[in-house]
Engineer: 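One structure is given below, represented as structure tokens, and several questions about it will come after.
Per chain, numbering begins at 1; letters A, B, ... match sequence-line order.
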Protein chains: 2
Amino acid sequence: MVNEQEFLAGYDPRAYPAVAVTVDVVALTIRDGELQVLLIQRAAPPFAGFWALPGGFVRPEEDIAVAARREFAEETGLGGEPLRRVHFEQLASYGTPDRDPRMRIFSIAYLAFAPDLPEPSAGSDAGDAEWLAVTALPTRELAFDHRKIVDDGLERARSKLEYTPLATRFVGEEFTIADLREVYETVWGHPLHAGNFHRKVLSVPGLVEGTGATTEHGGPRGGPRARLYRAGDANLLHPALLRPAREETVR
Amino acid sequence: MVNEQEFLAGYDPRAYPAVAVTVDVVALTIRDGELQVLLIQRAAPPFAGFWALPGGFVRPEEDIAVAARREFAEETGLGGEPLRRVHFEQLASYGTPDRDPRMRIFSIAYLAFAPDLPEPSAGSDAGDAEWLAVTALPTRELAFDHRKIVDDGLERARSKLEYTPLATRFVGEEFTIADLREVYETVWGHPLHAGNFHRKVLSVPGLVEGTGATTEHGGPRGGPRARLYRAGDANLLHPALLRPAREETVR
DNA sequence: CGGGGTTATTCTCATCCTGAGTTATTCTTA
DNA sequence: TAAGAATAACTCAGGATGAGAATAACCCCG
């Protein structure tokens with residue numbers, strides 16, 4: 001039997017069938033009171049002209065998570081501190097043999113949560129980029145299996161709001177309880193009881209901490225000035241902020 | 001601009017640097033009242049002689065999930081109905097550039113839950129295979145980044161017991177409430193209140209359904225015959241069966 | 001064969017959390 | 001200045017949880 005050195009010296013990677021690995025990013029933000037996902041229009045085949053998730057090949061010496069951040073930054077033009085405030089997490093991997101007509105391509109999907117972002121600037125390999133309301137997804141055909149990836153990302157996002165403080169990633173540095181409630185209502189897609197939500201947010205340790213300040217003015221249609229809060233230091237919410245169970249999802 | 005056909009005809013996969021994709025399986029079972037993970041001893045370099053997760057290269061036309069089941073079946077010798085009762089789910093993907101000395105290898109990890117399984121039969125490419133108690137993991141150095149993968153799998157398993165009926169995958173077709181409680185205690189690593197657990201399991205809709213039968217005998221050290229149950233039809237537990245929050249994990 | 005130890009199952013009870021509704025107060029707009 | 005709207009706080013009933021105890025069935029040992 002050969003030892004490790006001899007083995008590696010005689011090892012030929014080219015002996016294996018070619019496969020490739022890409023990252024795709026499901027980037028979510030809240031704009032105009034709607035949950036929106038970042039899409040780019042493909043300029044080159046395959047699926048030229050179709051809308052797709054931002055993503056691309058992982059570079060030879062690049063870590064996957066770094067690749068995901070790079071692809072996101074390229075499409076949004078974001079960098080520096082604003083980019084650091086964006087939360088990234090691995091979502092899942094997709095590798096059905098025929099998901100890409102070129103060759104066997106595995107995609108490692110990432111999920112990104114970002115506060116209200118400006119209109120995206122198109123990257124070099126994208127014909128166009130835009131934020132699309134997730135409610136409009138059913139009318140838009142996406143490239144590859146990206147519809148499935150987006151659906152998985154949305155379910156992950158809805159679920160993560162329950163037991164993590166990720167909702168604070170959708171709002172600015174300072175926010176009101178109503179801002180936070182709007183995030184939950186938008187992502188979950190139904191209204192919440194304002195009073196109960198308020199009580200709950202303040203009772204969960206480490207979710208938010210008060211700044212002592214209030215908003216400059218009341219709401220656009222009246223109401224008192226709201227107190228401002230910052231994200232707290234909790235990583236997990238306990239007790240969790242559960243969305244009402246829908247009978248369909250249980251069985 | 002070329003159309004899709006012309007593009008694909010002129011496409012050369014060999015133009016890209018070689019990468020490979022493997023699956024690794026974190027297979028968990030409960031044997032002798034302990035949570036155990038399936039490991040194989042590597043026969044060939046790299047990491048020859050080290051213990052590692054069962055896994056291997058995804059075949060050219062093979063789906064990832066199929067590859068995970070195949071690798072698991074090869075190492076355990078399991079097939080047919082017993083194999084169908086094993087739950088598989090994708091865990092996460094690992095692709096740090098230097099995680100494998102041979103080349104850039106991405107690993108897509110799967111998590112498997114199985115009821116009490118027999119001693120594994122060694123596969124063709126494994127020097128040996130064994131179930132190792134997870135409590136013994138700290139004393140055993142694993143190949144590649146498999147320690148991290150196992151840790152992620154264990155956390156996923158503990159978390160999934162809370163809100164899904166997966167605990168029923170660790171016991172046989174018919175089981176007692178005490179069997180189920182032992183699963184939770186073993187995976188979570190601390191004792192539960194028998195009375196409260198009993199009440200909770202029976203109150204969650206769709207978790208279990210009674211068979212009408214009882215065990216043949218009482219427990220080995222006494223006690224009445226216990227009623228037998230089957231897994232119910234729920235996919236999600238509501239309300240969830242939460243493990244007591246540990247302060248460390250929250251912040 | 002009888003008693004002690006063990007375990008399944010059911011109850012009790014105090015406490016906490018949740019959903020729903022109400023009230024006081026502050027602020028904007030007409 | 002009055003009406004409308006939103007924040008924040010309070011009330012109350014019902015459900016869920018944690019802790020402890022009671023009851024009854026069953027095993028093993030002496």
Engineer: In this structure, are over 12 heavy atoms from other groups packed under 6.0 Å from A/R140 atom CZ?
Structural biologist: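 Yes, enclosed.
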Engineer: Can you confirm whether more than 12 heavy atoms, excluding those of A/E209, are under 6.0 Å from its CD atom?
Structural biologist: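 For A/E209, atom CD is crowded (more than 12 foreign heavy atoms under 6.0 Å).
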Engineer: For B/N196 and D/dG15, what is the distance between atoms CG and P respectively, to the nearest whole Å?
Structural biologist: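 The distance from CG of B/N196 to P of D/dG15 comes to 18 Å, rounded to the nearest Å.
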Engineer: Measure the distance from CZ on B/F197 to P on D/dG20 and round it to the nearest whole Å.
Structural biologist: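 About 19 Å, once rounded to whole Å.
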Engineer: For the pair made of CG in B/L242 and P in D/dG15, what is the distance, rounded to whole Å?
Structural biologist: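 Between P of D/dG15 and CG of B/L242: 19 Å.
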Engineer: Looking for any heavy atom pair under 4.0 Å, which part of the strands does A/A194 touch: base, sugar-phosphate only, or nothing?
Structural biologist: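 The answer is nothing, as A/A194 stays clear of every strand by at least 4.0 Å.
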Engineer: Establish, with yes or no, whether the OP1 or OP2 oxygen of C/dT26 is under 4.0 angstrom from a side-chain nitrogen or oxygen of A/R225.
Structural biologist: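 No, because none of the side-chain N or O atoms of A/R225 sits under 4.0 Å from OP1 or OP2 of C/dT26.
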Engineer: Of the options B/L207, B/L241, B/V201, B/V208, which is the one that meets B/P165 in a side chain to side chain contact (heavy atoms under 4.5 Å, CB included)?
Structural biologist: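 Only one of B/L207, B/L241, B/V201, B/V208 forms a side chain to side chain contact (heavy atoms under 4.5 Å, CB included) with B/P165, namely B/L207.
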Engineer: Think A/R181 has a side-chain N or O under 4.0 angstrom from the OP1 or OP2 of D/dT7?
Structural biologist: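 So the side chain of A/R181 is within the cut-off, an N or O lying under 4.0 Å from OP1 or OP2 of D/dT7.
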Engineer: Can you see if the side chain of A/R227 gets near the phosphate of D/dA9 - specifically, an N or O under 4.0 Å from OP1 or OP2?
Structural biologist: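 Yes, within the criterion.
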Engineer: Starting at CZ of B/F175 and ending at P of C/dA8, how long is that distance when rounded to a whole Å?
Structural biologist: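 The answer, rounded to whole Å, is 14 Å.
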Engineer: Let me confirm one number: the CZ-CG distance from B/R227 to B/L202, rounded to the nearest 0.5 Å.
Structural biologist: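 Here the rounded value is 8.0 Å.
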Engineer: Counting only side-chain N and O atoms of B/R199, is one of them less than 4.0 Å from OP1 or OP2 of C/dC11?
Structural biologist: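 Checking B/R199 against C/dC11: no side-chain N or O falls below 4.0 Å of OP1 or OP2.
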Engineer: Measure from CZ on B/R243 to P on D/dT17 and round the result to the nearest Å.
Structural biologist: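 To the nearest whole Å, that distance equals 16 Å.
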Engineer: Contact class for B/P244 (heavy atom, under 4.0 Å): base, sugar-phosphate, or nothing?
Structural biologist: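 Answer is nothing: B/P244 stays at 4.0 Å or more from every strand.
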Engineer: Just how far, in rounded Å, is C1' of D/dA6 from CZ of A/R221?
Structural biologist: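 That distance rounds to 9 Å.
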Engineer: Among D/dC27, D/dG20, C/dT28, find the nucleotide with the atom closest to the side chain of A/H217.
Structural biologist: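 Between D/dC27, D/dG20, C/dT28, the one nearest the side chain of A/H217 would be C/dT28.
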Engineer: Classify the ring geometry between A/H146 and A/F144 as parallel (under 30°), tilted (30 to 60°) or perpendicular (over 60°).
Structural biologist: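 A/H146 and A/F144: tilted rings.
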Engineer: Are A/F170 and A/F113 an aromatic pair by the rule of ring centers under 6.0 Å?
Structural biologist: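 Ring centroids of A/F170 and A/F113 are less than 6.0 Å from each other.
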Engineer: 5'-most contact on DNA chain C: A/G222 or B/L228, nearest heavy atom basis?
Structural biologist: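 Result of the comparison: B/L228.
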Engineer: Between C/dT9, D/dA9, D/dG18, which one does the side chain of A/L202 approach most closely?
Structural biologist: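 Closest of the options to the side chain of A/L202: D/dA9.
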Engineer: My validator wants the stems of DNA chain D: runs of 3 or more consecutive Watson-Crick or G-U pairs, both distances under 3.5 Å, written as range with range.
Structural biologist: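 Counting only runs of 3 or more consecutive pairs, the stems involving DNA chain D are C:1-30 with D:1-30.
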Engineer: May I have the distance from A/H193 (atom NE2) to D/dC10 (atom C1'), rounded to whole angstrom?
Structural biologist: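 Computing the A/H193:NE2 to D/dC10:C1' distance gives 11 Å.
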Engineer: Side chain of A/K200: nearest nucleotide among C/dT10, C/dC27, C/dC17?
Structural biologist: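 Ranking C/dT10, C/dC27, C/dC17 by closest atom to the A/K200 side chain puts C/dC17 first.
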Engineer: Under 4.5 Å between any side-chain heavy atoms of A/Y94 and A/K148, yes or no?
Structural biologist: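 When only atoms from C-beta onward are counted, A/K148 and A/Y94 do touch, with a gap below 4.5 Å.
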Engineer: For A/G195 and B/S203, find the nucleotide of DNA chain D closest to each by heavy atoms; which residue's nucleotide sits nearer the 5' end?
Structural biologist: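 Result: A/G195.
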Engineer: Of B/G218 and B/A240, whose closest DNA chain D nucleotide lies nearer the 5' terminus?
Structural biologist: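 The residue closer to the strand's 5' end, by nearest nucleotide, is B/A240.
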Engineer: Quick check: B/F72 with B/F88 (ring centres under 6.0 Å apart)?
Structural biologist: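 They qualify: ring centres under 6.0 Å apart.
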Engineer: Find the distance B/I177:CD1 to C/dT9:C1' and express it as a whole number of Å.
Structural biologist: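 Rounded to the whole Å, the gap is 10 Å.
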Engineer: When you check the phosphate oxygens OP1 and OP2 of C/dT10, does a side-chain N or O of B/H198 lie under 4.0 Å from one of them?
Structural biologist: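 Result: yes.
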